[in-house]
Amino acid sequence: MLLGECPLWEPREAALYWIDIQDRSVHRYVERVAKHTVWKLPSEPGCIARMASGVVIAMRTGIATLDTASGELKLIAPAPFDGAVQRFNDGRCDAQGRLWVGSIHEPRDGPKASLYCVRGSRIQDAHLPVTVSNGLAFSVDSRVLYHADTSAHCIKAYDFDLQSGTIGQHRVFHQFNSGRGSGYGGRPDGAAVDSEGAYWVAMYEGGRIVKLSVDGNIVAEFPLPVRCPTMVAFGGDDMRTLFITTVRINRSDQEVRDFPASGKILQMRVDVPGSVEPMFNYDAQ
């Protein structure tokens with residue numbers, strides 16, 4: 001795997017899904033039968049979410065649905081930005097079935113990306129300027145939307161109204177050290193919230209997973225055998241397995257030798273379970 005992202009547990013199949021952005025592919029692995037299925041895509045995926053049949057995919061070119069039974073890929077909405085310099089990145093559905101997905105501004109010369117809300121075939125800009133949108137998650141009661149800008153090393157917590165899908169005031173949830181010296185512990189990438197409301201985030205270049213309390217304080221850290229984890233997801237029969245995607249593309253040969261698990265999917269057992277991810281609802285308003 002070159003650039004693994006967006007692990008997603010599908011309990012109906014007891015399957016783990018994920019994407020490889022660089023390889024332009026969606027993957028599914030069913031452990032009980034040791035079956036690995038791959039669907040190739042025409043452009044880079046940024047995230048996936050569950051559907052009644054298959055998955056919805058945010059690709060560079062737009063939002064598409066993939067019927068995993070037939071393999072049919074259907075574009076439902078074109079991307080609202082210049083695909084030459086931006087693409088969709090991290091995202092997930094809220095409890096009403098809206099897909100929230102951010103973008104990444106690839107020149108990384110300023111906060112020119114944003115967060116978008118997909119309601120059916122409509123894509124609405126939430127006007128939250130970032131350079132690299134990441135860390136999208138919701139509190140257990142759906143009253144808080146978490147959103148990170150990886151380039152700014154910052155996670156923000158926004159007031160969120162689930163019924164209307166409206167984002168309100170925000171506070172800085174956690175600001176990580178942005179220096180490259182001895183205090184540097186990586187940048188916040190993909191995240192997930194457990195059933196008690198703790199926020200688990202993969203620290204890219206930090207070689208660790210960080211668990212934050214509902215107040216944004218670090219309550220635990222988990223070192224990993226890779227330097228660049230990209231995202232976490234809860235899954236397994238009891239939702240107490242944490243799956244972690246990683247990357248090896250654009251990492252030095254020395255790093256890959258030092259961390260041979262780079263580019264593989266890791267898993268660890270946790271004490272507090274997560275929750276099954278909501279499905280994309282095409283009719284959500």
Side-chain angles (χ1 to χ4, degrees), residues 6-9 11 47-50 56 58 89-102 114-119 124 126-128 130 132-150 152-176 187-203 209-222 229-236 238-244 270-281 284-285:
C6 202
L8 175 69
W9 180 254
C47 68
I48 53 176
R50 300 171 63 227
V56 61
N89 201 43
D90 177 79
R92 63 168 21 96
C93 289
D94 66 24
Q96 293 282 8
R98 309 176 190 93
L99 175 64
W100 294 84
V101 54
S114 190
L115 179 68
Y116 299 87
C117 180
V118 182
R119 307 171 190 242
Q124 298 176 325
H127 300 291
L128 302 182
V130 292
V132 178
S133 180
N134 253 317
L136 201 286
F138 296 92
S139 61
V140 175
D141 62 6
S142 295
R143 296 178 64 182
V144 177
L145 179 151
Y146 299 101
H147 186 222
D149 186 346
T150 298
H153 301 245
C154 183
I155 305 168
K156 294 179 179 179
Y158 290 82
D159 294 337
F160 183 68
D161 183 275
L162 178 62
Q163 184 174 357
S164 64
T166 302
I167 298 174
Q169 297 296 312
H170 79 271
R171 59 185 170 89
V172 173
F173 183 60
H174 195 92
Q175 176 68 61
F176 291 94
R187 310 189 294 276
D189 205 320
V193 170
D194 68 26
S195 59
E196 293 183 351
Y199 181 93
W200 298 64
V201 59
M203 297 300 292
I209 301 299
V210 170
K211 179 181 178 181
L212 301 171
S213 70
V214 293
D215 297 320
N217 298 313
I218 295 178
V219 294
E221 299 183 46
F222 304 90
T230 56
M231 190 173 178
V232 300
F234 294 94
D238 59 1
M239 298 302 292
R240 289 179 52 229
T241 298
L242 192 72
F243 295 102
I244 306 156
V270 296
D271 293 332
V272 179
S275 301
V276 175
E277 290 290 327
M279 289 186 188
F280 177 65
N281 178 6
Q285 299 299 312

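The first residue of the sequence shown is numbered 1, and numbering continues consecutively from there.
In terms of modelled atom types and a separation under 3.5 Å, the side chain of Q96 and the main chain of Q163 share no donor-acceptor contact. Here the side chain of H174 pairs a donor or acceptor atom with the backbone of G216 at under 3.5 angstrom. Formation of a donor-acceptor pair under 3.5 Å by the D149 side chain with backbone atoms of C154 is not found in this model. At least one donor-acceptor pair under 3.5 Å links the side chain of S114 to the backbone N or O of L128. For the pair D189 (side chain) and A202 (backbone), a donor-acceptor distance under 3.5 Å is absent. With hydrogens and angles ignored, the 3.5 Å screen pairs no side-chain donor or acceptor of S195 with any backbone N or O of S275.
Distance SG/C6 to CE/M231: 4.5 Å, rounded to 0.5 Å. Distance check: K156 NZ to L145 CG gives 12.5 Å after rounding to the nearest 0.5 Å. Within the model, atoms OH of Y116 and CG of L99 stand 13.0 Å from one another, a figure rounded to the nearest 0.5 Å. Here H153 contributes atom NE2 and M203 contributes atom CE; the two are 8.5 Å apart, rounded to the nearest 0.5 Å. The CZ atom of R50 sits 4.0 Å away from atom CE of M279, with the distance rounded to the nearest 0.5 Å.
For the residue pair A95 and S142, the shortest heavy atom distance occurs at CB-OG, 3.8 Å. Closest approach of P7 to A233, counting heavy atoms only: O-CB, 3.2 Å. The two residues G197 and V214 come nearest to each other via the heavy atoms O-CG1, 3.4 Å.
L115 has its side chain out of reach of V130: every pair of non-hydrogen atoms, C-beta onward, lies at least 4.5 Å apart. Looking at heavy atoms from C-beta onward, R98 lies out of side-chain contact with C93 at the 4.5 angstrom threshold. Contact check for V118 versus F280: side-chain heavy atoms found under the 4.5 Å cut-off. A heavy-atom distance below 4.5 Å is not found between the side chains of C47 and R92. Two residues are said to be in side-chain contact when any heavy atoms from C-beta on lie closer than 4.5 Å; V140 and V193 meet this criterion. At a threshold of 4.5 Å between non-hydrogen side-chain atoms, the residues Y199 and I155 count as touching. Looking at heavy atoms from C-beta onward, L162 lies out of side-chain contact with R143 at the 4.5 angstrom threshold.
Taking the six-membered ring where tryptophan is involved, the planes of F160 and W100 are perpendicular, since the angle between them exceeds 60° and thus also 30°. Ring pair Y146/F173 is tilted by interplanar angle, where 30° to 60° counts as tilted.
Partners of R119 under the salt bridge (Lys or Arg N to Asp or Glu O under 4.0 Å) rule, at least two apart in sequence or in another chain, do not exist in this structure. Listed by chain and residue number, E196, A198, W200, K211, F234, V272 satisfy the side-chain contact (heavy atoms from CB on, under 4.5 Å) test with D194 (two or more places apart in sequence, or in another chain). By the side-chain contact (heavy atoms from CB on, under 4.5 Å) test, N89 is found to be paired with I21, R87, I104, V132, N134, residues two or more places apart in sequence or in another chain being considered.
Side-chain contact check for S213 and D215: no donor-acceptor pair (N or O, by modelled atom type) lies under 3.5 Å.
Around CG of D238, the count of heavy atoms belonging to other residues, nucleotides or ligands within 6.0 Å exceeds 12.
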